[in-house]
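This report concerns only the one structure given below.
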Amino acid sequence: MLEQLVKYAGPTKPGFAPKDVRWAIVCDKQSKFLGVLELGDASLKKNPGRTFSTCPELDQNVKQAGGKSDFLVDTAEIVALYGSKATDEKIKVKHDYFVKLLQNAGKVMPELRKLANLLDDSKAMLKIQTRLQDLKVKPNEKVTFKIGDAFPVESEAWHEWWQEFRKREVAKTSHGNVMRCFVTGNLVKPKEVHPKIKGLSDVGGRSSGDVLIGFDKDAFRSYGLQQSANAAVSEEAASAYRAALNDLIKNYGKRLAGAKVVHWFKEKVPEEDNPLTWLEQGAEAEELIAQDKARKLLDSIQSGKRPKLADNHYYALTLSGASGRVMVRDWMEGQFEELVGNVCAWFDDLSIVHRYGGTLAKSPKFLAVLGATVRELDDLPAPFVSKMWRVAVRGEPIPQFALAQTLARVKVDIIQDQPFNHARMGLMKAYHLRKKGNSGGDLKPYLNEEHPNPAYHCGRLMAVLARLQNAALGDVGAGVVQRYYAAASATPALVLGRLTRTSQFHLNKLDPGLSYWFEEKIAGIWGRIEDNLPTTLSLEEQSLFALGYYQQLADLRTKKSDKQRGG
Amino acid sequence: MKPKDQALDVWGDFACFSRPELKVERFSYPVPTPSAVRGIYDAIYCKPTEFRWQVTRIEILNPPAYIALRRNEVKDKAPSERTILRWMDGKDDPQPILADCTDDPNKGRTQRQTMALKDVRYRLHAEIRPWSGFESRLQGMENQFRRRAAKGKCIYQPYFGCREFPAYFELVDVDAPPAEPISLTKDLGLMLYDVFDLSRPGKNDDKPSISLFRTKVENGILDVPHYESDAVLKMDWKEV
């Protein structure tokens, strides 16, 4: 996993990291203070500022020693002694360190020495502080400098000096032995404290970041090894995996309830060919439904039209935060072709007839499928989300937990006469198709009158009886479904015989033609059930009952002309 | 005399062969590490001063499937054996490990996740490698192992990576039909080989010497290189 992340990051230099900076202290070329500029899109309510890709970054453990600040970019309170804590001795020491760094870097970039002088000038500092206050800058927001039209942080003139300086600082706190790096296999001095991963604060992480590799408690260490010697990783590899994860989370991370999913490919894949995006988006605002897109792409790969994609690999990570640590909930990798096949199968298995009959319902997006199992998305447990993502990406069987939850929601929908949710019905169908030994028999998106399981036909019978009552009496408030669905789906032998007998009263109220049609329909279904009317139905059979009910209703709503067209 | 292959069928409900880089929020490798397999053999028959086990092959009989477990665990470790013995002798007062009611951020409990494997089954292969001076007793050692394993005897219950995941075992007869591994072919990258130096007899207080190897599962079979081979990346101090 780390190896793939390092490859994704490409060559990176330790001591540099991208940072979002919201404010710039603007000076002229003589370092005379001109004003404070808001960077990024100032019209945004939560403006993150501008991203500078190669900002200097001092290691966490060096800063933890106390009295240290970053170089060129830091918070407003440290750079300009601004805010309520400005008089705090610790902040003053950090500010002095910030100024000292600018002085030292002045050897290679003279403008920086002038900036240091500016920060030493109390009158200029007062002006900066006043201006920051006018603009309502928060003390913990990041600040850098702009000299004329240029940002010193974008210059490369200080890079070499910074690398040397940082190396000396890190060496002071480094004590480990040489070990094998778990990423490269080389003999290296392991990085003691690993850099933090950002962007998991909405899934249990901390806003200051979380560590992926960290052994800060006694119980986390083994064999007397200290800190990250428990899993030796070189400084370069640590810097690279952090850069990769930060980039993936920031630019491509998708939050699914309590977990964040990121994915990437060995070779870059155009967004229009990315099957995981289709999974996330479903058929929303798409001309071509995701299912068709996946099928077309799979066909083109299998017919050799897209050799580059056939050789490609995918990697997918599911992450959460926990007590300042990154929790890897899942790691998947495999051939691109296999991924497209699995996404295709996901949509195929979920496909179900539209509740008003005739056509197939649109492919649901992944979050809608998850939402099918709960009343509100906030109720989704993170491990379940992670498992379902794996089910979709790897083509695995659907857990029974999902079926139980979905069935409960479906029952509520039916009894309360709510419109059917396509994702719910599709998920139940997919459960049976993916189950070992395929307990659902021959489930299809449309009604299957040849289905071998009597539970399915019991559901069908319920739908026909409900329709018959409606045809005979119109809206009666609490009809046969509201009164008997729950009992019929659990103990059909107790209920369905009685309901069929009492349906005679409804048949008598209809035109002879319609009455004959209903009679034929009911007799046809009883013909399928034969003598196998089940006494009780298990959870899985109850879901077949629900599917039979749904597909029969959709079939009754399908126009004759649609059926003839093969709908 | 050449060591003979000693095969075991092992199975269990759960397994966690933690990746060292993800050992806090544990995430298991999809296959057992050679050190975990060595641990299973050691649990059945072990004489560290006379021989060591060399794992040669791991056959995966059930496809790797993960399960997420979440538990409250203490942040503290049990003290050294010496300290515990002093407590037992009444020389010192026992110090409890507090799960709650502590303000120290390094004590108490924390929730930790384990991404374990479920329903695992492997056929393991290993050989006895006598240390110098014990070569002549190889046959006796092998017979003793087979007698013990055939009767289900073990020094302690073998386990799959973590002690809470017991491994059940059965000796494979010499003329037993070959196993049927799953059709998995995958490059797993660098994996932990062992935590200790296997080139010499070990002691309880040995310092760890972590070795790695590049792992490739082919048709459900992981061929494990011998510890002495160059394929095993060891702590070679000459290279430093």
Side-chain angles (χ1 to χ4, degrees), chain A residues 1-4 177-189 194 204 210-225 228-233 241 313 318-334 381-384 386-387 390 394 396-397, chain B residues 18-30 63 65-70 73-80 97 104-115 186-193 195-196 205-214 232-240:
Chain A
M1 181 189 93
L2 291 181
E3 209 173 334
Q4 270 74 35
N177 287 325
V178 174
M179 297 180 84
R180 286 280 176 192
C181 173
F182 271 88
V183 178
T184 59
N186 297 334
L187 284 163
V188 296
K189 209 164 184 187
H194 283 240
D210 310 272
V211 284
L212 179 68
I213 302 179
F215 306 88
D216 59 339
K217 310 279 184 299
D218 271 352
F220 302 170
R221 302 170 195 151
S222 304
Y223 309 109
L225 291 166
S228 298
N230 283 275
V233 173
Y241 85 68
H313 274 73
T318 310
L319 305 164
S320 289
S323 311
R325 306 186 290 271
V326 175
M327 184 197 290
V328 176
R329 289 190 179 274
D330 208 351
W331 162 244
M332 294 176 276
E333 56 179 313
F384 173 67
S386 166
K387 172 68 187 169
R390 171 170 267 269
R394 304 281 298 176
E396 290 185 0
Chain B
S18 306
R19 291 167 178 265
E21 67 271 30
L22 300 177
K23 77 193 268 301
V24 179
E25 301 294 338
R26 298 180 197 90
F27 197 97
S28 176
Y29 284 117
Y66 283 92
I67 182 169
L69 310 168
R70 218 163 180 208
E73 300 182 28
V74 287
K75 299 176 190 172
D76 245 342
K77 260 199 313 209
S80 66
I97 291 178
D104 186 342
N106 291 317
K107 307 238 176 245
R109 62 190 160 94
T110 184
Q111 256 193 353
R112 288 170 72 180
Q113 177 177 252
T114 303
M115 284 300 290
K186 206 171 189 181
D187 189 345
L188 299 175
L190 282 172
M191 188 163 110
L192 179 84
Y193 189 94
V195 179
F196 293 103
D205 54 353
D206 271 355
K207 282 195 173 171
S209 173
I210 291 168
S211 47
L212 313 174
F213 75 119
R214 203 156 273 286
V232 181
L233 306 171
K234 297 174 277 281
M235 295 282 293
D236 187 349
W237 296 101
K238 280 178 222 153
E239 275 187 51
V240 180

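Residue numbers begin at 1 in each chain, while the letters A, B, ... track the order of the sequences. Just so it is clear, the values below take in all heavy atoms, side chains as well, and ignore hydrogens, waters and symmetry mates.
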| Do B:Tyr193 and A:Arg180 touch side chain to side chain, with heavy atoms closer than 4.5 Å? | no
| message | Counting heavy-atom pairs under 4.5 Å with chain B, which one of A:Arg221, A:Arg390, A:Glu396, A:Arg325 comes out on top? | response | A:Arg325
| request: Could you tell me which portion of A:Leu225 (side chain, backbone, both or neither) has an atom closer than 4.5 angstrom to a non-hydrogen atom of chain B? | output: side chain
| field | Contact origin within A:Val188 toward chain B - heavy atom pairs under 4.5 Å | value | neither
| request: May I ask you to name which of A:Glu333, A:Lys387, A:Gln4, A:Arg394 has the most heavy-atom pairs under 4.5 Å with chain B? | output: A:Glu333
| task | May I ask you to test the A:His194-A:Tyr241 pair for a side-chain heavy-atom distance under 4.5 Å? | result | yes
| request: Between chain B and each of A:Met327, A:Met179, A:Met1, count heavy-atom pairs under 4.5 Å; write down the option with the most. | output: A:Met327
| For A:Trp331 against B:Phe27, the heavy-atom pair lying closest together | N-CZ, 3.7 Å
| said: Distance check, rounded to the nearest 0.5 Å: A:Ser386 atom OG versus A:Met332 atom CE? | reply: 7.0 Å
| chain B contact via A:Asn186 - which portion, at a heavy-atom distance below 4.5 Å | neither
| Can you say whether B:Leu22 sits under 4.5 Å from chain A via the side chain, the backbone, both, or neither, judging by heavy atoms? | side chain
| request: Take A:Val183 and B:Leu190, measure what side chain to side chain contact (heavy atoms under 4.5 Å, CB included) needs, and give me the verdict at the end. | output: CA-CA 7 Å; A:Val183 178; B:Leu190 282 172; over 6 Å; no
| note | Highest number of heavy-atom pairs under 4.5 Å with chain A among B:Arg70, B:Lys107, B:Met191 belongs to B:Arg70
| field | Heavy-atom proximity to chain A below 4.5 Å, by part of B:Lys186 | value | side chain
| query | Is a side-chain donor-acceptor pair under 3.5 Å present for B:Ser18 with B:Arg26? | reply | no
| field | Region of A:Ser228 that comes under 4.5 Å of a non-hydrogen atom in chain B | value | neither
| Rounded to the nearest 0.5 Å, what separation is found between the CE atom of B:Met235 and the CG atom of B:Leu212? | 10.0 Å
| query | When rounded to the nearest 0.5 angstrom, what is the spacing between CG in A:Asp330 and OG1 in A:Thr318? | reply | 5.0 Å
| request: Evaluate side chain to side chain contact (heavy atoms under 4.5 Å, CB included) for A:Tyr223 paired with B:Ile210, printing each intermediate quantity in order. | output: CA-CA 10 Å; A:Tyr223 309 109; B:Ile210 291 168; over 6 Å; no
| remark: Honestly, the part of B:Phe213 sitting under 4.5 Å from a heavy atom of chain A is neither
| field | Proximal component of B:Glu21, with respect to chain A [non-hydrogen, under 4.5 Å] | value | both
| task | Select, from B:Ser211, B:Ala68, B:Pro208, the one with the greatest count of heavy-atom pairs under 4.5 Å involving chain A. | result | B:Pro208
| By a 4.5 Å heavy-atom criterion (distance strictly below it), what part of A:Leu2 contacts chain B: side chain, backbone, both, or neither? | side chain
